[in-house]
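Predicted model, so just to flag it, every value in this text is computed and none were measured. Letters go in sequence order (proteins before strands), and every chain restarts at 1. Just so you know, these numbers use all the heavy atoms, side chains as well, and skip hydrogens, waters and symmetry mates.
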Protein chains: 2
Amino acid sequence: MKRDSRLSNILHALLHMAEHETRHGAPMTSDMLATCLSTNPVVVRRTMAGLREQGLVASEKGHGGGWRLARPLDQVTLGQVNLALGEPGLFPETPPVEADGCLVEAAVNDALAETYAAARALLVARLNDITLADLAADFSRRMAAHPERDRLHAHHGKA
Amino acid sequence: MKRDSRLSNILHALLHMAEHETRHGAPMTSDMLATCLSTNPVVVRRTMAGLREQGLVASEKGHGGGWRLARPLDQVTLGQVNLALGEPGLFPETPPVEADGCLVEAAVNDALAETYAAARALLVARLNDITLADLAADFSRRMAAHPERDRLHAHHGKA
DNA sequence: CAGTCACGTAACAATTGAAGTTACATGAAA
DNA sequence: TTTCATGTAACTTCAATTGTTACGTGACTG
């Protein structure tokens with residue numbers, strides 16, 4: 001998990017999970033996902049725990065256990081995933097303080113709060129407009145345009 | 001400089017600088033600003049150095065020296081200030097990598113890049129629409145609504 | 001009923017980036 | 001020439017995230 005954005009990585013993982021599930025009929029383990037994301041299993045579990053709380057994924061223990069999507073691809077929006085991740089790195093929260101009497105500060109904070117809120121609203125709206133199914137479809141389109149070889153896992157694994 | 005956002009603090013400082021300048025005809029020193037922002041002078045200089053490079057403020061050494069705005073209030077936009085600060089905490093940069101062959105990753109990154117770009121564009125547009133003069137005017141309006149006592153520096157200084 | 005697999009979680013170490021600090025150099029005014 | 005103030009480099013905290021180890025629980029296998 002180098003310098004990538006959280007959301008980007010998790011989406012990547014979710015799509016691979018869906019793929020794997022339909023292809024092998026079995027969920028992916030934390031270890032598989034960790035290898036896939038270049039991180040370690042505990043971090044995967046931590047992150048996935050957030051998604052599970054939002055009902056996006058489910059986990060199973062024991063033999064044949066692992067992670068699977070809890071809903072069809074077209075019923076999970078990027079906004080939901082982003083929310084489950086705690087809306088990472090969005091905006092500097094304009095401090096709710098402003099209470100200590102400086103009217104300069106109050107004017108500044110109000111203006112910024114409004115501005116950030118507008119940008120955040122747009123972002124959330126757009127994220128909620130895109131489902132995992134959309135991304136999968138986009139992927140298929142690209143796959144069709146580059147059929148010459150397997151372009152799915154070229155960079156996963158270590159060898 | 002506690003848990004506040006960079007931009008918010010600097011705007012606060014800039015408005016106080018303008019105030020001070022017109023009131024006393026002298027620039028504010030890094031020490032004054034440091035006290036005002038609850039930080040220390042070196043941090044102030046570091047930050048202001050960025051603004052100076054963008055031509056927003058000017059510094060003078062020696063006796064009577066310090067920091068002053070390099071332009072009238074209505075010719076400095078919040079966007080310019082934000083830019084000078086390096087656009088802190090905006091969005092997770094969608095990685096430009098995508099080159100290593102995974103089409104899933106490519107699809108994800110493209111979708112996110114588009115979405116973030118749209119939100120960022122809105123944010124920048126709004127910030128460029130607000131000038132320091134607007135904030136000062138807003139402040140004056142609030143001042144008029146609360147004339148009972150000095151509501152300017154209530155929380156500055158230590159005693 | 002072991003034995004193994006995989007998640008769940010707490011506790012701790014490593015890393016990273018920002019902020020604070022010290023120290024010293026440079027330029028300007030008194 | 002002394003004092004004030006910025007300019008900057010180098011170092012130290014400090015906080016947040018991430019990585020790691022360790023151990024517990026549930027589930028399937030044989």
>> Going by the rule side chain to side chain donor-acceptor pair (under 3.5 Å), which residues pair with B/Glu60 if we only count those two or more places apart in sequence or in a different chain?
In response: B/Arg68

>> Is any side-chain heavy atom of A/Leu85 closer than 4.5 Å to one of A/Thr47?
In response: yes

> Between B/Asn40 (CG) and D/dT8 (P), how many Å, whole number?
Replying inline: 17 Å

>> In whole Å, I'd like the distance from the CZ atom of B/Arg6 to the C1' atom of C/dG20.
In response: 14 Å

> For B/Arg141, what residues pass the side chain to side chain donor-acceptor pair (under 3.5 Å) criterion, not counting sequence neighbours?
Replying inline: B/Asp138

> At under 4.0 Å, does any side-chain N or O of A/Thr39 touch on OP1 or OP2 of D/dG19?
Replying inline: yes

> How close or far is atom P of D/dT8 from atom CE of B/Met48, stated in whole angstroms?
Replying inline: 15 Å

> Applying ring pair (Phe, Tyr, Trp, His ring centres under 6.0 Å), which residue pairs with at least one partner in residues 24-73 of chain B are found, sequence neighbours left out?
Replying inline: B/His20-B/His24

>> Does the protein touch nucleotides 6-13 of chain C at the base, only the backbone, or not at all? Give it as B, S and - per nucleotide, heavy atoms under 4.0 Å.
In response: SBBBBB--

>> Suppose clustering is done on Ile, Leu, Val, Met, Phe, Trp and Tyr with side-chain heavy atoms closer than 4.5 Å. Which residues sit in the same group as B/Val42?
In response: none

> If you look only at pairs with a residue in residues 125-137 of chain B, which of them pass as a side chain to side chain donor-acceptor pair (under 3.5 Å), with sequence neighbours excluded?
Replying inline: B/Thr77-B/Asn128, B/Thr131-B/Asp134

